[in-house]
Amino acid sequence: VFSYNMVIDCFCKAKMMGKAMETLGVMAKRGIFPNLVTFNTLIAGYCKDRNVIKARAMVLVLFDHGFKPDVFTFSSIIDILCRVNQITDAFDCFLEMVEWGIKPNAITYNSLIRSLCISGNVIKAMKLLRKMQVDGIRPDVYTFNALIQNYCKVKKIDKAQRLLSSMLSLDLRPDNFTYAAFINSLCESGRFVEAKDLFNSMEENRCRPDAYTCNSFVDALVNSGRFEDAQDVWLKCKEKGIVLK
RNA sequence: GCUAUUUCGAU
């Protein structure tokens, strides 16, 4: 089963759902019983494909085989509902999950928080962050990045900075997603000096800038006519072996 | 040993 699951997962990740389902058929023919992971993988595949209908149908197939959905199943479904903007359904699903006695984890919360942020419901997103912590689930870097990215995008950088502090107090290390959000937002607000200071502090905070962060920073500097700074950053990246476009 | 979450569009 494990081997078949891996093959199915590869097809799913390559968005070859036909092949993935074919493989499920092959298993049946050879008398190999699929397990919960097999179905979760297929469900995640349909979700990646944005096919809510097929994903939901697959949950029924999961039941037909005598399995019960788990936190993976629910998280996949909740995430796809969020992505297709059916946030109400996503929350219904979340409640259903709890009724089933399945404990949501950080990943489950992250999908909901992220989609609340995207749909402009930051207040609700922050409330959910608090609820999550009350329920004893530790937020992770994804949780904070979703919120920080949102605050940075709407240029509420002070709010984002407050979140950064709580993140640090929880021993969570900001990553390139975090830094890029701040740097891009600071540049867009004309706060280039702060952007540069933050960029330069990355290494000492044990976060190696990646191509995305560097490219977008250099780009912002060039577009605002700050050629010297741009060259400076560009050279630093080159020194570190970061490949820029 | 197998499954789920973060960059809407910078380059």
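Proteins get letters first, then strands, A, B, ... in listed order; numbering begins at 1 in each. All of these numbers come straight from a predicted model, not from anything done at the bench.
- Between A:Phe144 atom CZ and B:U5 atom C1' the separation is 15 Å, expressed in whole Å.
- Residues in residues 158-186 of chain A take part in no salt bridge (Lys or Arg N to Asp or Glu O under 4.0 Å) pair, two or more places apart or across chains.
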Report, one pair per line, the protein and nucleotides 1-3 of chain B atoms (nitrogen or oxygen only) whose separation is under 3.5 Å.
residue: B:C2; atom: O2; partner: A:Asn5; partner atom: ND2; Å: 2.3
residue: B:U3; atom: O4'; partner: A:Thr41; partner atom: OG1; Å: 3.4
residue: B:U3; atom: O2; partner: A:Asn40; partner atom: ND2; Å: 3.1

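- At a threshold of 4.5 Å between non-hydrogen side-chain atoms, the residues A:Lys54 and A:Met17 do not count as touching.
- Residues A:Val222 and A:Phe227 approach most closely at O-CE2, 3.7 Å, considering heavy atoms.
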Every protein N/O within reach of nucleotides 7-11 of chain B N/O, cut-off under 3.5 Å:
residue: B:U7; atom: OP1; partner: A:Arg114; partner atom: NH1; Å: 3.3
residue: B:U7; atom: O2; partner: A:Tyr212; partner atom: OH; Å: 2.4
residue: B:A10; atom: O2'; partner: A:Asp219; partner atom: OD2; Å: 2.1

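- With C1' as the reference atom, B:U3 and B:U7 are 24 Å apart, rounded to whole Å.
- Remark: A:Phe192 pairs with no residue by the ring pair (Phe, Tyr, Trp, His ring centres under 6.0 Å) rule, at least two apart or across chains.
- Straight-line distance between the C1' atoms of B:U5 and B:G1: roughly 23 Å, to the nearest whole Å.
- Put simply, the residue from A:Asn40, A:Thr41, A:Asn35 that forms a side chain to side chain donor-acceptor pair (under 3.5 Å) with A:Asn5 is A:Asn35.
- Atom CD of A:Gln161 has more than 12 heavy atoms from other residues, nucleotides or ligands within 6.0 Å.
- B:A4 atom P lies 15 Å from atom CE of A:Met97, rounded to whole Å.
- Counting only residues at least two apart or in different chains, salt bridge (Lys or Arg N to Asp or Glu O under 4.0 Å) contacts with residues 197-226 of chain A comprise A:Glu203-A:Lys240.
- Counting to the nearest Å, the C1' atom of B:U5 and the CG atom of A:Leu147 are 13 Å from each other.
- For residues 3-13 of chain A, the set of pairs meeting the salt bridge (Lys or Arg N to Asp or Glu O under 4.0 Å) definition, not counting sequence neighbours, comprises A:Asp9-A:Lys13.
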